[in-house]
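Step one of this worksheet: look at the structure below.
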2 protein chains.
Amino acid sequence: MNAQPLLAYIRNYIDLTEEEETILLSRVNSRKYLKGQFVVQQGDVCRYENFVVSGCLKTFYTDQEGQEHIVMFAVENWWTSDLGSFITQTPAYYNVQCLENSEVMQFSYENLEQLYQEIPKLERFFRIILQKAYVASEKRIIQNFSSTAKERYLRFRAQYPQIEQRVPQYMIASYLGITKEFLSKLRHQLILEQ
Amino acid sequence: MNAQPLLAYIRNYIDLTEEEETILLSRVNSRKYLKGQFVVQQGDVCRYENFVVSGCLKTFYTDQEGQEHIVMFAVENWWTSDLGSFITQTPAYYNVQCLENSEVMQFSYENLEQLYQEIPKLERFFRIILQKAYVASEKRIIQNFSSTAKERYLRFRAQYPQIEQRVPQYMIASYLGITKEFLSKLRHQLILEQ
DNA sequence: AAAGGAGGTTAACCTAGATTAATGTCACTG
DNA sequence: CAGTGACATTAATCTAGGTTAACCTCCTTT
């Protein structure tokens with residue numbers, strides 16, 4: 001397993017001794033998934049928090065009409081799971097599925113609680129990354145409210161160029177909350193405007 | 001100052017010794033605001049995380065056209081601040097303004113960092129409440145995407161009956177991302193449907 | 001009691017984006 | 001290289017919700 005990306009990521013926020021890093025790694029599992037496989041399935045309890053080492057995944061749910069809605073994408077150095085399901089250990093609302101072959105580092109619920117005991121600094125680490133995630137999530141709420149689809153698309157493109165290249169457009173449309181047809185119209189408009 | 005609501009709230013998540021509670025309270029300030037006063041103003045650095053002891057506040061921002069958009073309301077036992085501004089100590093994007101005379105318990109940035117040193121359990125406390133806030137925020141993103149205005153209004157009413165009574169309708173419309181006229185139309189429809 | 005001002009409603013008209021369905025493009029597999 | 005399946009585009013029509021503006025209630029304040 002390639003633990004370096006995870007350790008490097010954690011070092012951005014807290015300092016761990018070598019011993020602590022060893023304990024940490026002993027309680028994390030690396031897992032490889034193939035394109036199309038599910039890391040979380042709605043209805044199951046989400047057992048892991050997943051740190052993405054390589055690959056690309058989507059988080060989505062299906063509404064009453066069976067429509068798929070993409071909530072987020074995750075690529076290298078992102079976290080993905082159904083956090084609501086994970087923290088309460090109740091059935092998941094979301095699916096997390098691989099769009100490419102992917103490798104993730106998995107923290108199970110029990111191992112993570114254990115780790116909080118063994119390395120209390122990790123409470124701080126997860127608090128800090130959650131703060132950031134929460135702020136980003138709030139920002140997304142606003143931007144959805146007060147922008148047109150075109151503005152949201154432009155912002156998405158500017159903000160996540162790595163993702164736009166790797167993901168088919170109908171999924172980007174789903175992420176933006178518009179139809180693939182309307183996204184197509186927007187793209188056409190933008191070409192004319194140049 | 002009435003510290004009981006805050007202590008009771010914290011006790012839901014972690015156990016503090018009497019001594020720890022004393023330290024905590026020594027680093028928190030109670031503050032009373034009048035209706036209309038601002039707890040956070042956009043452009044200023046947000047200095048506090050605020051726990052609401054009594055009253056009602058709104059968090060909003062103004063867009064390019066000067067339109068006000070309400071992001072959340074806060075009542076008793078809720079937290080309010082501009083977290084993005086607070087954690088980075090950079091100018092706030094939001095305003096937090098009192099809709100009623102309100103009392104809040106304020107954690108300043110410095111005191112909170114100090115408290116994390118003195119009572120590491122507080123890292124855990126804030127991690128847990130942030131997890132919950134993040135999950136709620138994500139849920140709101142979804143519900144905004146995949147529901148009509150009518151569904152969102154009904155859900156808001158069911159979920160926050162305490163708030164609907166205390167806040168004028170044009171603010172609820174702003175929170176729901178619709179115009180007050182359209183909300184009025186919806187309310188009319190709902191009366192006919194019964 | 002008159003005059004504002006804050007909030008709420010109604011109605012006529014307008015627009016962003018959805019829906020449906022046909023057509024196009026490309027990559028693969030047999 | 002024909003055929004299939006996955007993805008993208010175009011165009012016609014429809015609808016949720018916005019905009020504008022007039023009007024209606026209550027409270028306050030003088």
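Just so it is clear: chains get the letters A, B, ... in the order the sequence lines come, proteins before strands, and each one is counted from 1.
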* Verify, without hydrogens or angle tests, whether Glu20(B) (side chain) and Thr17(B) (backbone) share a donor-acceptor contact under 3.5 angstrom. =>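 Yes.
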* Is a side-chain N or O of Gln97(B) found less than 3.5 angstrom from the main chain of Gly36(B), in a donor-acceptor match? ->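 Flag set: sc Gln97(B) to bb Gly36(B) pair under 3.5 Å.
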* Asked: Will you find, in the side chains of Tyr116(A) and Glu123(B), an N or O donor that is under 3.5 Å from an N or O acceptor?
  ->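 No, no side-chain donor-acceptor contact under 3.5 Å.
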* Side chains of Arg187(B) and Gln169(B): donor-acceptor distance under 3.5 Å anywhere? ->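 Yes - a donor-acceptor pair under 3.5 Å links their side chains.
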Filtered N/O pairs between nucleotides 13-16 of chain C and protein, under 3.5 Å:
none

What is the distance, rounded to the nearest whole Å, between atom [atom1] of [X] and atom [atom2] of [N]?
X: His188(A); N: dG24(C); atom1: NE2; atom2: C1'; answer: 15 Å
X: Met171(A); N: dA8(D); atom1: CE; atom2: C1'; answer: 14 Å
X: Asp63(B); N: dG18(D); atom1: CG; atom2: C1'; answer: 14 Å
X: Leu190(B); N: dT9(C); atom1: CG; atom2: P; answer: 12 Å
X: Gln169(A); N: dG24(C); atom1: CD; atom2: P; answer: 19 Å
X: Leu183(B); N: dG8(C); atom1: CG; atom2: C1'; answer: 10 Å
X: Leu186(A); N: dA11(D); atom1: CG; atom2: P; answer: 15 Å
X: Gln189(A); N: dA11(D); atom1: CD; atom2: C1'; answer: 14 Å

* Dump the intermediate steps for salt bridge (charged side-chain N to carboxylate O under 4.0 Å, His left out) on Arg124(A) and Glu113(B), then the final yes or no. => CA-CA 11 Å; Arg124(A) 182 178 181 84; Glu113(B) 284 300 324; 3.2 Å; yes
* Please walk me through it: do Lys132(A) and Ile129(A) pass side-chain contact (heavy atoms from CB on, under 4.5 Å)? -> CA-CA 5 Å; Lys132(A) 291 182 44 167; Ile129(A) 64 172; 5.5 Å; no
* Closer than 4.0 Å, any side-chain N/O of Thr179(A) to the OP1 or OP2 of dA18(C)? ->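 Answer yes for this pair, as a side-chain N or O of Thr179(A) is under 4.0 Å from OP1 or OP2.
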When you get a sec, tell me which of [options] is the closest nucleotide to the side chain of [X]?
X: Tyr170(B); options: dG8(C), dT10(D), dG17(C); result: dG8(C)
X: Glu181(B); options: dA21(D), dG17(C), dG18(D); result: dA21(D)
X: Pro168(A); options: dA8(D), dG7(C), dT10(C); result: dA8(D)

* **Option passing ring pair (Phe, Tyr, Trp, His ring centres under 6.0 Å) with Tyr175(A) (candidates Phe73(A), Tyr153(A), Tyr170(A))** =>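 For Tyr175(A), the ring pair (Phe, Tyr, Trp, His ring centres under 6.0 Å) test succeeds with only one of Phe73(A), Tyr153(A), Tyr170(A), which is Phe73(A).
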* Asked: Toward the 5' end of DNA chain C, which comes first, Lys180(A) or Lys150(A), by nearest nucleotide?
  ->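 Result of the comparison: Lys150(A).
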